Amino acid sequence: MKIRRLHPWNLSCKDAIAVQRRLCGQVWQAPLKKPVRTIAGADVSYAKEGGKVYAAVLVFSFPDLVLTDEALAADTVEFPYVPGLLSFREAPVLAKALRKIPRKPDVIIFDGQGTAHPRGMGLACHMGLITECPSIGCAKTRLVGIHPRLPETRGSTVLLTDQGRVVGGVVRTRDHVKPVFVSPGHAITLEESIRLVLGCCKGYKLPEPTRQAHIAVNRFRLEGGRLAHC
DNA sequence: GCGACAG
DNA sequence: ATCTTGTCGC
């Protein structure tokens, strides 16, 4: 699939924040225009040292969740991990893997926040803009916002609010297991994001697309990041 | 100044 | 995120 280059990635933190403030005005939320038939999951893995990063994008049919496409990529990182600027560290390698996907998925789930971000511009929003593809942010932990207590039963959901604004939802995907933080990335609504994430959970805390991408990218990294070819 | 802080 | 073994609870 095609990826847009909206700006350079090797920026200072100050310039990166300026880019986020400019781009957040281009992010929008609206109901999906067509039923979801394919949904992808993307994740990144880092080498302990050496600055090597790896990415995996796995595409599944929905709602049956059968794997249909897979792409891997390796790269070197220069941008440090700074809370709030994760996309400047992970987007380049993610874009590299996404470019190898033959057809644009109906939705892509990313391992991180969407609008539940200090400037409403989390990784999922940023990726949604450069791919022009509906995207969802599904993080394992909170970055910003407050929320009421969440019932222990699977399917329970409460709103995540930041500065008086609803920025996402806290979703229990398994009984008695820490919840995930779901927020829309781009071209999708919070309600649809939550429905799709729950629809992709098959007995584990993380939705299958993201969970499988995590397994795939770690296997790839441990193999030395060598792309298999026949 | 003191905590909080996606991966 | 990564480095690591077993272990407690549903």
Side-chain angles (χ1 to χ4, degrees), chain A residues 9 13 16-17 20 23-24 27 41-57 73-97 108-128 135-147 150-156 160-163 167-186 190 193 197 201 203-207 209-211 213-225:
Chain A
W9 293 103
C13 290
I17 289 175
Q20 292 184 322
L23 293 183
C24 70
V27 175
D43 192 29
V44 172
S45 182
Y46 301 85
K48 158 180 181 182
E49 53 183 47
K52 287 292 184 296
V53 281
Y54 307 88
V57 175
D75 205 345
T76 54
V77 272
E78 62 300 309
F79 205 93
Y81 169 65
V82 179
L85 299 179
L86 183 64
S87 55
F88 292 85
R89 189 167 160 73
E90 305 197 338
V93 70
L94 281 171
K96 201 169 174 179
I108 305 176
I109 302 178
F110 291 93
D111 195 330
Q113 315 292 344
T115 57
H117 175 280
R119 292 167 289 284
M121 198 54 215
L123 175 68
C125 298
H126 214 141
M127 295 309 296
S135 60
I136 297 172
C138 182
K140 297 179 289 300
T141 61
R142 184 193 71 88
L143 175 59
V144 297
I146 56 176
H147 64 82
L150 182 67
E152 294 291 324
T153 59
R154 183 205 130 87
S156 297
L160 179 65
T161 301
D162 185 43
Q163 314 273 281
V167 296
V170 184
V171 183
R172 188 83 68 183
T173 54
R174 281 196 67 181
D175 289 358
H176 304 295
V177 169
K178 291 297 184 185
V180 291
F181 293 73
V182 179
S183 56
H186 179 58
L190 170 61
S193 299
V197 164
C201 288
Y204 296 87
K205 167 178 176 174
L206 299 181
T210 290
R211 196 178 79 82
H214 185 269
I215 293 173
V217 75
N218 271 309
R219 169 160 31 73
F220 181 49
R221 173 174 60 81
L222 295 174
E223 289 173 343

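Remember, predicted model here, so these are calculated numbers, not experimental data. First the proteins, then the strands, lettered A, B, ... as listed; each starts at 1.
K205(A) places no side-chain N or O within donor-acceptor distance of the main-chain N or O of R174(A), the cut-off being under 3.5 Å. Panel note: side chain Q113(A), backbone T141(A); a donor-acceptor pair is recorded below 3.5 Å. A donor-acceptor contact shorter than 3.5 Å is absent between the side chain of S135(A) and the backbone of I108(A). Proximity of a side-chain donor or acceptor of H186(A) to a complementary backbone N or O of A124(A) within less than 3.5 Å is not detected.
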>> Let's go through R172(A) and T153(A) carefully: what are the C-alpha distance in whole Å and the side-chain angles of both, what is the deciding distance for side-chain contact (heavy atoms from CB on, under 4.5 Å) to 0.1 Å, and is it a yes or a no?
In response: CA-CA 7 Å; R172(A) 188 83 68 183; T153(A) 59; over 6 Å; no

> Taking it one step at a time, do L123(A) and L94(A) satisfy side-chain contact (heavy atoms from CB on, under 4.5 Å)?
Replying inline: CA-CA 10 Å; L123(A) 175 68; L94(A) 281 171; 4.1 Å; yes

> Would V44(A) and V217(A) satisfy side-chain contact (heavy atoms from CB on, under 4.5 Å), going step by step from the backbone distance to the final call?
Replying inline: CA-CA 7 Å; V44(A) 172; V217(A) 75; 5.8 Å; no

> Step by step, would you call L85(A) with Q20(A) a side-chain contact (heavy atoms from CB on, under 4.5 Å)?
Replying inline: CA-CA 9 Å; L85(A) 299 179; Q20(A) 292 184 322; 3.5 Å; yes

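Here the CZ atom belonging to F110(A) is positioned 12.0 Å from the OG atom belonging to S183(A), to the nearest 0.5 angstrom. Taking CG of D175(A) as the start and OG of S156(A) as the end, the distance is 8.0 Å to the nearest 0.5 Å. We find the CD1-CG distance between I136(A) and L190(A) to be 10.0 Å, quoted to the nearest 0.5 Å. With rounding to the nearest 0.5 angstrom, the CG atom of D111(A) is 4.5 Å from the CG atom of D43(A). Separating the NZ atom in K178(A) from the CG atom in L150(A) is a distance of 10.0 Å, to the nearest 0.5 Å. Summarising the geometry, atom OH belonging to Y81(A) is positioned 9.5 Å from atom CZ belonging to R89(A); distances are rounded to the nearest 0.5 Å.
Ring geometry, Y54(A) versus F220(A): the interplanar angle exceeds 60°, so the pair is classed perpendicular (tilted spans 30 to 60°).
Close approach of DNA chain B to chain A, defined as any atom under 4.0 Å from a non-hydrogen atom of the protein, starts and stops at dA4(B) to dG7(B).
Base engagement by G84(A) is indicated by at least one non-hydrogen atom pair under 4.0 Å involving a base atom.
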> Would you write out the dot-bracket form of DNA chain B, 5' to 3', with Watson-Crick and G-U pairs under 3.5 Å, [ ] for crossing pairs, | for pairs to other strands and . for unpaired bases?
Replying inline: .......

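Shown for residues 175-183 of chain A: residues whose heavy atoms fall under 4.0 angstrom of DNA chain C, namely H176(A). Contact check of residues 74-81 of chain A against DNA chain C (heavy atom, cut-off under 4.0 Å) returns no residues at all.
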For nucleotides 1-7 of chain C, list the nitrogen or oxygen atoms of the protein found under 3.5 Å from its nitrogen or oxygen atoms, one pair per line.
residue	atom	partner	partner atom	Å
dA1(C)	OP2	K140(A)	NZ	3.2
dT2(C)	OP1	S45(A)	OG	2.8
dT2(C)	OP1	N218(A)	OD1	3.0
dT2(C)	OP1	R221(A)	NH2	3.3

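Counting heavy atoms of neighbouring residues, nucleotides and ligands inside a 6.0 Å radius, atom CD1 of I146(A) does not exceed 12 of them.
Remark: DNA chain C forms no stem of 3 or more consecutive Watson-Crick or G-U wobble pairs with all pair distances under 3.5 Å.
With V182(A) as the partner, the side-chain contact (heavy atoms from CB on, under 4.5 Å) test is satisfied by one option alone out of V171(A), I109(A), T173(A), V170(A): V171(A).
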